[in-house]
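Okay, handing you the structure first.
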Amino acid sequence: MENARIAAVFGRIADILEILGENAFRIRSYRNASRTVGDLTETLADMVAEGKDLTDLPGIGDSLAGKIREILASGTCEMLEDLQKRLPAHLPDLLHVKGLGPKKVKVLYERLGIQSLGDLKTAAGAGKIRDLDGMGAKTEQNILQGLATLESEAGRIGIKEAADAVRALGRHLDGVEAVRRWQVAGSFRRRRETIGDLDVLVEAPQREQAADGILAYRPIETILARGGQKVSVALVEGLQVDFRFVDTQAFGAAMMYFTGSKAHNIVLRKRAQKRRLKLNEYGLFRGKRRVAGETEEEVFAALDLPWIPPELREDRGEIDAAAERKLPNLVEPADIRGDLHAHSTATDGANTPRQLADAARQRGYQYLAVTDHSQAVTIAGGLKASDLRRHADRVRRVNADLDGFWLLAGVEVDILNDGRLDLPQKVLEGLDWVVASVHSAFSLAEAKMTDRILAAVRSGVVHCLGHPFGRIIGRRDPIRFDVDRVFEACREAGVCLEINAYPDRLDLPDVYCKRAREMGVTMVISTDAHKIADLDLMEFGVSVARRGWLEKADVLNTLSASSLRKRLTRS
DNA sequence: GCCGTTTTCGGCCCGACTGTTTTCAGTCG
Ligand SMILES: Nc1nc2c(ncn2[C@H]2C[C@H](O)[C@@H](COP(=O)(O)OP(=O)(O)OP(=O)(O)O)O2)c(=O)[nH]1
Ligand SMILES: [Mg+2]
Ligand SMILES: [Mg+2]
Ligand SMILES: [Zn+2]
């Protein structure tokens, strides 16, 4: 059983325990375990097979380790089976309705026999909910509204889409006079790959005026809540935006609270407790006295910590690392010297090699690799050996015309089902840069997929494994292979792992970047540009790298052109 | 259910907003 399924089992157990009214801390344990398992890069099956002690994992004790072993051995979890007998199978779905929590769901089930979202809609529509204790006509309306929101499937949006929304909103906020300063916090500031809502911190001495100004933003469809400290709205496209007001002296503490993550906040607040302090969004307090709050640096410092970059604030060991002064010095966009994955008109790109080179140069780059598809990708017009030779010659002629810029003649060669490369070794050897990618047979069994990728990594002609997991966020699951074996082979062979910056790929995912770095593998951040404008997607790849704890030295394309040339001839 | 140089038992982050209540529970951030 996959880690994701085990994580889901623990999440399900937590849902049911919540509806049953169980101990909140016990429930939290299941949620924490779910997160821990979901963040692992190694399969639990492998860890157990290797005899690793699962209780070494954060939030996993004897009980949960036993459940993991049980699930792996039997495919089921007896506790979950038993719990599911106590409640209708789809009752926990109701928890996804905004405004409905475990207590109300329990009442709806016990008093009205509601078992599903369908039942809920019928009951609300028939006006049956308003008569329940603790609920009224407003509750009923909110439930109908919540159901509509759920049906609209707004869901989480991609980081790029969120960035566009932030830009548009920012233009408005900049024009609101009562807004002295604003900053986006939440998952967007942490640069998660998907964003549930936008969280915006607003400094404004005249809050009512500021709120009125903000609420004049045209795309706002509904005001979900409005109080003295915060305003929540839904935009027409379904995106929720939470505004939080703050005074100058609490700006840093509020940024920390609002940036999260929730798990990170809890660990920090525990650290404060240990020092007989209290941390909240208003500051760090010793008794009634505020000891820090205006800047993040000051709050972290008062907790004996250096400032932690937002991308690391996921409770993945960053607070311990910070305490030991062992935080990585994260790679930055300005460190990037070139782009090593781009398509031209030779296959499915919109621009010529020359145009790509000029555009890269305009962005301050020293090099760009033209990496068109190989023949197997027929829909993209992939190149066969002879075409690629001619194409590479053309690229080299263009390169010869360029002063102080290196246009690498490369390819994105397919890794065929059996692990062979889609072009002859000879042709590949003659290129400056070879990216190898899986574009077919995504559902091979893990062992076969591992062999397939290992063959490519060990071919001796590949420089980089392109979008290693082949996932498309929200549309295609990652392929399955033995991650540690492949990464180890990459390290041995000096093959890099690509961080594909395309916003719906972002592949290598952050936790695997971290693992690869620990194993000594080098990454390459590439846009996989199919047109000039795509070159600007680099920032999203850099964000993934930062979330993956990568430093400049972990990323190949932070090298200057001359250093890169040396590095490539060496290997 | 997890965890620990203050603890192996007794804690577990902390606060805002809403709706229903007549003082606060539930939900969400
Ligand atoms: N201390 C504390 N802070 C929380 C809690 N829930 C949320 N926060 C903080 C941290 C979050 O990053 C921030 C914004 O909340 P969101 O629900 O919008 O979460 P976030 O933006 O992290 O993820 P998202 O992509 O919106 O789902 O508020 C909580 O239970 N306790
Ligand atoms: Mg958010
Ligand atoms: Mg939010
Ligand atoms: Zn490509």
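Every heavy atom of this structure was used, including side-chain atoms; hydrogens, water molecules and symmetry mates were not. Numbers restart at 1 for each chain; the letters A, B, ... are given by sequence-line order, proteins then strands.
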### Query
Reckon L279(A) touches a base, only the sugar-phosphate, or nothing at all at heavy-atom distances under 4.0 Å?
sugar-phosphate

### Query
Side chain of R271(A), backbone of L303(A): donor and acceptor closer than 3.5 Å?
yes

### Task
Indicate, with a heavy-atom threshold strictly under 4.0 Å, whether I27(A) touches base, sugar-phosphate, or nothing.
nothing

### Integer angstrom distance from the C1' of dT23(B) to that of dT18(B)
15 Å

### Query
Contact class for K104(A) (heavy atom, under 4.0 Å): base, sugar-phosphate, or nothing?
sugar-phosphate

### 5' priority, DNA chain B, between K274(A) and V231(A) [closest heavy atom]
K274(A)

### Task
Compute the centroid of each ring, for F540(A) and then for Y502(A), and state whether the two points are separated by less than 6.0 Å.
no

### Query
So which heavy atom on P503(A) is nearest to which on I473(A), and how close?
O-CD1, 3.7 Å

### Distance between C1' atoms of dT5(B) and dG15(B) (Å, rounded)
32 Å

### Task
Verify, without hydrogens or angle tests, whether H172(A) (side chain) and G213(A) (backbone) share a donor-acceptor contact under 3.5 angstrom.
yes

#### Entry: Nearest listed nucleotide, side chain of P102(A), among dT27(B), dT18(B), dG1(B)
dT27(B)

## Note on the structure
Whole-Å distance, R271(A) CZ to dT5(B) P, equals 12 Å

### Task
Identify the heavy atoms of V9(A) and C77(A) that sit nearest to each other, and give their distance.
CG1-CB, 4.1 Å

### Query
Which part of the nucleic acid does A137(A) contact within heavy-atom distance under 4.0 Å: base, sugar-phosphate only, or nothing?
sugar-phosphate

## Note on the structure
When rounded to whole Å, the CG to P distance for the pair L57(A) and dG1(B) reads 18 Å

### Message
Nearest to the side chain of K103(A), heavy atoms from C-beta on, is which of dC14(B), dT27(B), dG1(B)?
### Response
dT27(B)

### Query
Rounded to whole angstroms, how far apart are CG on L198(A) and P on dG29(B)?
13 Å

### Message
What's V107(A) touching, base or sugar-phosphate or nothing? Going by heavy atoms closer than 4.0 Å.
### Response
nothing

### Task
Name the nucleic acid region contacted by E140(A), choosing base, sugar-phosphate or nothing; use a 4.0 angstrom heavy-atom cut-off, strictly under.
nothing

### Query
With a 4.0 Å cut-off on heavy atoms, is N280(A) in touch with a base, just the backbone sugar-phosphate, or nothing at all?
sugar-phosphate

### Query
For D133(A), which contact category applies under a 4.0 Å heavy-atom criterion: base, sugar-phosphate, or nothing?
nothing

### Distance, C1' atom - from dG1(B) to dT6(B), rounded to whole angstrom
23 Å

### Message
Please report the distance separating the P of dG4(B) from the corresponding atom of dC13(B), rounded so that it comes out in whole Å.
### Response
14 Å

### Task
May I ask you to check whether over 12 heavy atoms, not counting those of R476(A), lie within 6.0 Å of atom CZ?
yes

### Query
Between dC2(B), dG15(B), dG29(B), which nucleotide has the shortest distance from any of its atoms to the side chain of S63(A)?
dC2(B)

### Query
Which part of the nucleic acid, if any, lies within reach of I266(A) when heavy atoms closer than 4.0 Å are counted: base, sugar-phosphate only, or nothing?
base

### Query
What's the closest nucleotide to the E281(A) side chain, out of dG1(B), dG15(B), dC13(B)?
dG15(B)

### Message
Tell me the interatomic distance from K138(A), atom NZ, to dT27(B), atom P, rounded to whole angstroms.
### Response
18 Å

### Message
Under 4.0 Å, counting only non-hydrogen atoms across every strand here, what does D199(A) touch: a base, just sugar-phosphate, or nothing?
### Response
sugar-phosphate

### Query
Can you tell me how far C1' of dC2(B) sits from CD1 of I13(A), to the nearest Å?
15 Å

### Task
Figure out the CD1/C1' separation between I129(A) and dG19(B), and round it to whole Å.
15 Å

### Query
For dA16(B), does OP1 or OP2 lie under 4.0 Å from any side-chain N or O of Y282(A)?
yes

### Query
At under 4.0 Å between heavy atoms, what does G186(A) touch on the DNA or RNA strands: base, sugar-phosphate, or nothing?
nothing

#### Entry: Whole-Å C1' distance, dG26(B) and dT21(B)
12 Å

### Task
Check every atom of dG15(B), dT18(B), dC12(B) against the side chain of K270(A) and return the nucleotide holding the closest atom.
dC12(B)

### Task
Write down the distance between NZ (K230(A)) and P (dC14(B)), rounded to a whole number of angstrom.
17 Å

### Message
At 4.0 Å (heavy atoms only), tell me whether Y30(A) reaches a base, stays on the sugar-phosphate, or touches nothing.
### Response
sugar-phosphate

### Query
With respect to the side chain of F25(A), which nucleotide from dC28(B), dG1(B), dG15(B) is positioned closest?
dG1(B)

### Summary
Of the candidates dG29(B), dA16(B), dC12(B), the side chain of Q240(A) sits closest to dG29(B)

#### Entry: Charged tip of R485(A) within 45° of F487(A) ring normal and under 6.0 Å
no

### Summary
Ranking dG15(B), dC17(B), dG19(B) by distance to the side chain of T139(A), first place goes to dG19(B)

### Task
Nearest-nucleotide wise, let me know which of G59(A) and Q229(A) is further upstream toward the 5' end of DNA chain B.
G59(A)

### Query
Rounding to the closest angstrom, what is the interatomic distance between dT8(B) and dC3(B) at atom C1'?
9 Å

### Query
E18(A) CD to dA25(B) P: how many Å, rounded?
17 Å

### dT8(B) pairs with, by Watson-Crick or G-U criteria that keep both distances under 3.5 Å
none

### Message
Using only modelled atom types and a 3.5 angstrom limit, is any donor from either the side chain of Y257(A) or the base of dG15(B) paired with an acceptor on the other?
### Response
no

### Summary
Scanning both residues in full, the closest heavy-atom pair of L150(A) with H96(A) reads CD1-O, 3.6 Å

### Task
For dC12(B) and dT7(B), measure between their C1' atoms and round to the nearest Å.
13 Å

### Query
Between G113(A) and D119(A), what is the shortest heavy-atom contact and its length?
O-OD2, 4.1 Å

### Task
Return yes if the base of dC12(B) and the side-chain atoms of R28(A) contain a donor-acceptor N/O pair under 3.5 Å, otherwise no.
no

### Query
When you check the phosphate oxygens OP1 and OP2 of dG1(B), does a side-chain N or O of N32(A) lie under 4.0 Å from one of them?
no

### Candidates dG29(B), dG1(B), dC13(B) - which lies nearest the side chain of R26(A)
dG1(B)

